[in-house]
*Asks:* 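Attaching a single structure in structure tokens format; questions to follow.
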Amino acid sequence: MCRHLVYLGPPRPLAALVLEPEYGLLRQSYAPRDMRGGGTVNADGFGVGWYPPGAGLPTRYRTERPLWTDQSFAELAAVTEAGALLASVRTATVGMPIVSTACAPFTDGHWLFSHNGVVRGWPGAVAPLAAALPVTDLLTLDAPTDAALLWALVRHRLLAGLPPEAALAGVVAEVAAAAPGSRLNLLLTDGRGVYATAWSHALAVRTEPHAVTVASEPHDVLPGWTPVPDQHLLMARPGHVDIRPIAELATATRHTASHSNSHTDSHTSVTVTHRTMTEFSDATENHRGAE
């Protein structure tokens with residue numbers, strides 16, 4: 001299992017987001033509060049991806065060393081600011097390699113991705129799903145791990161033109177069916193919006209007028225944190241959050257794929273804001289234009 005975090009908002013030092021919070025990722029690397037039986041420490045590496053001001057693409061720092069041992073990152077984090085960040089600390093599943101390339105975030109273009117959880121029955125349970133991918137996608141995996149394969153499955157859907165929420169929901173539904181008992185908390189950002197699934201593990205969100213934070217565990221005891229219900233998907237940007245059942249989104253995606261000329265408005269939001277996916281996408285585009 002792992003712990004992960006996305007922050008979108010006014011630029012802040014990386015240290016203020018990753019190292020300094022009382023219960024932040026640094027603390028979660030050696031004393032997590034809500035692992036739900038998925039281990040006791042997250043000491044098999046970490047990674048941080050952020051979007052430098054004025055840059056279109058993210059940059060990353062990944063290592064197999066525990067977060068609390070890396071003085072070089074601490075020095076970098078103290079003098080580097082970002083308004084969009086994805087960070088993760090890792091516990092390697094037994095049998096999987098402890099190497100920097102196995103640490104999230106995984107990336108392609110403007111996307112950053114992380115997985116908190118485990119695919120049960122690896123690798124056999126998901127071999128048929130992997131076999132459906134282009135061979136080059138499998139040959140270029142960052143590492144022979146469940147997280148890297150999940151990213152390949154998500155990326156394949158994104159490149160095919162699916163919206164991010166549909167890509168995540170579809171992958172979670174397929175992997176959960178193929179590998180029952182899996183924990184599939186996926187986290188995806190393009191630096192403008194964040195998309196996350198809660199599937200058999202903890203996830204929380206805090207929204208402020210100009211910021212949003214999504215995290216495996218609340219990193220402080222301040223009010224405003226809201227647990228994401230199990231088997232739900234979150235879509236958020238600064239000031240707005242929408243949470244939907246994954247089964248509903250996955251079904252809608254299959255229906256659209258099978259009946260591309262049909263349309264349904266039957267989905268019901270369960271969150272603090274009642275916004276359709278179209279409204280959310282339009283609002284995100286307007287946010288981009290405002291920048």
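Both backbone and side-chain heavy atoms feed into the values below; hydrogens, waters and symmetry mates do not. Keep in mind that this is a model prediction, so the values were computed, not measured.
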*Asks:* Once you round to the nearest 0.5 Å, how far does CG of L14 lie from OG1 of T80?
*Replies:* 5.0 Å

*Asks:* If I take atom OG1 from residue T207 and atom CG from residue L8, how far apart are they, to the nearest 0.5 angstrom?
*Replies:* 10.5 Å

*Asks:* Tell me which one of T93, L184, L149 satisfies side-chain contact (heavy atoms from CB on, under 4.5 Å) with V119.
*Replies:* L184

*Asks:* Begin from the C-alpha positions of V18 and L67 and carry the test side-chain contact (heavy atoms from CB on, under 4.5 Å) through to its verdict.
*Replies:* CA-CA 10 Å; V18 177; L67 178 55; 4.1 Å; yes

*Asks:* Does the side chain of V175 reach to within under 4.5 Å of the side chain of V126, using non-hydrogen atoms?
*Replies:* yes

*Asks:* Between T91 and N42, do the side chains contain a donor N or O and an acceptor N or O under 3.5 Å apart?
*Replies:* yes

*Asks:* When you measure from the side chain of T101 to the backbone N and O of D142, does any donor-acceptor pair fall under 3.5 Å?
*Replies:* yes

*Asks:* Roughly how far apart are L153 CG and L133 CG, rounded to 0.5 Å?
*Replies:* 5.0 Å

*Asks:* How about W151 and L141: do any of their side-chain heavy atoms sit closer than 4.5 Å?
*Replies:* no

*Asks:* Flag this pair as yes if the NZ/CZ of R155 is under 6.0 angstrom from the six-membered ring centre of F113 and inside a 45 degree cone about the axis; otherwise no.
*Replies:* no

*Asks:* Closer than 3.5 angstrom, by distance alone: can the side chain of Q28 be matched with the main-chain N or O of R33 as a donor-acceptor pair?
*Replies:* no

*Asks:* If we ignore hydrogens and angles and just use 3.5 Å, is the side chain of H4 paired with the main-chain N or O of R90 as donor and acceptor?
*Replies:* no

*Asks:* Backbone N or O of L26 within a donor-acceptor pair of the S29 side chain at under 3.5 Å?
*Replies:* yes

*Asks:* Between the main-chain N or O of C103 and the side-chain N or O of R62, is there a donor-acceptor pair closer than 3.5 Å?
*Replies:* yes

*Asks:* For N185 and W199, indicate whether the former's side chain and the latter's backbone hold a donor-acceptor pair under 3.5 Å.
*Replies:* yes

*Asks:* Between Y7 (side chain) and A82 (backbone), is there a donor-acceptor pair under 3.5 Å?
*Replies:* no

*Asks:* Are H156 and P134 close enough that some pair of their side-chain heavy atoms sits under 4.5 Å apart?
*Replies:* yes

*Asks:* Does the side chain of L222 reach to within under 4.5 Å of the side chain of R206, using non-hydrogen atoms?
*Replies:* yes

*Asks:* How many angstroms lie between atom CG of L17 and atom CZ of R12, to the nearest 0.5 angstrom?
*Replies:* 5.0 Å

*Asks:* Does the side chain of R3 reach to within under 4.5 Å of the side chain of H201, using non-hydrogen atoms?
*Replies:* yes

*Asks:* For the backbone of G181 and the side chain of R120, can you confirm whether one donor and one acceptor N or O come within less than 3.5 Å of each other?
*Replies:* yes

*Asks:* What's the separation between atom CD in E22 and atom CG in D220, rounded to the nearest 0.5 Å?
*Replies:* 8.0 Å

*Asks:* Could you check whether any side-chain N or O of T63 sits under 3.5 Å from a backbone N or O of R65, counting only pairs where one atom can act as donor and the other as acceptor?
*Replies:* yes

*Asks:* Rounded to the nearest 0.5 Å, how far apart are CE of M235 and CG of L188?
*Replies:* 12.5 Å

*Asks:* Dump the intermediate steps for salt bridge (charged side-chain N to carboxylate O under 4.0 Å, His left out) on E217 and R27, then the final yes or no.
*Replies:* CA-CA 11 Å; E217 302 178 11; R27 175 81 171 263; over 6 Å; no

*Asks:* For side-chain contact (heavy atoms from CB on, under 4.5 Å), just list the numbers for Y61 and F46, CA-CA rounded to whole Å, side-chain angles, deciding distance to a tenth of an Å, and then say yes or no.
*Replies:* CA-CA 8 Å; Y61 185 105; F46 73 94; 3.8 Å; yes

*Asks:* Where the side chain of T189 meets the backbone of L112, is there a donor-acceptor pair that is under 3.5 Å apart?
*Replies:* no

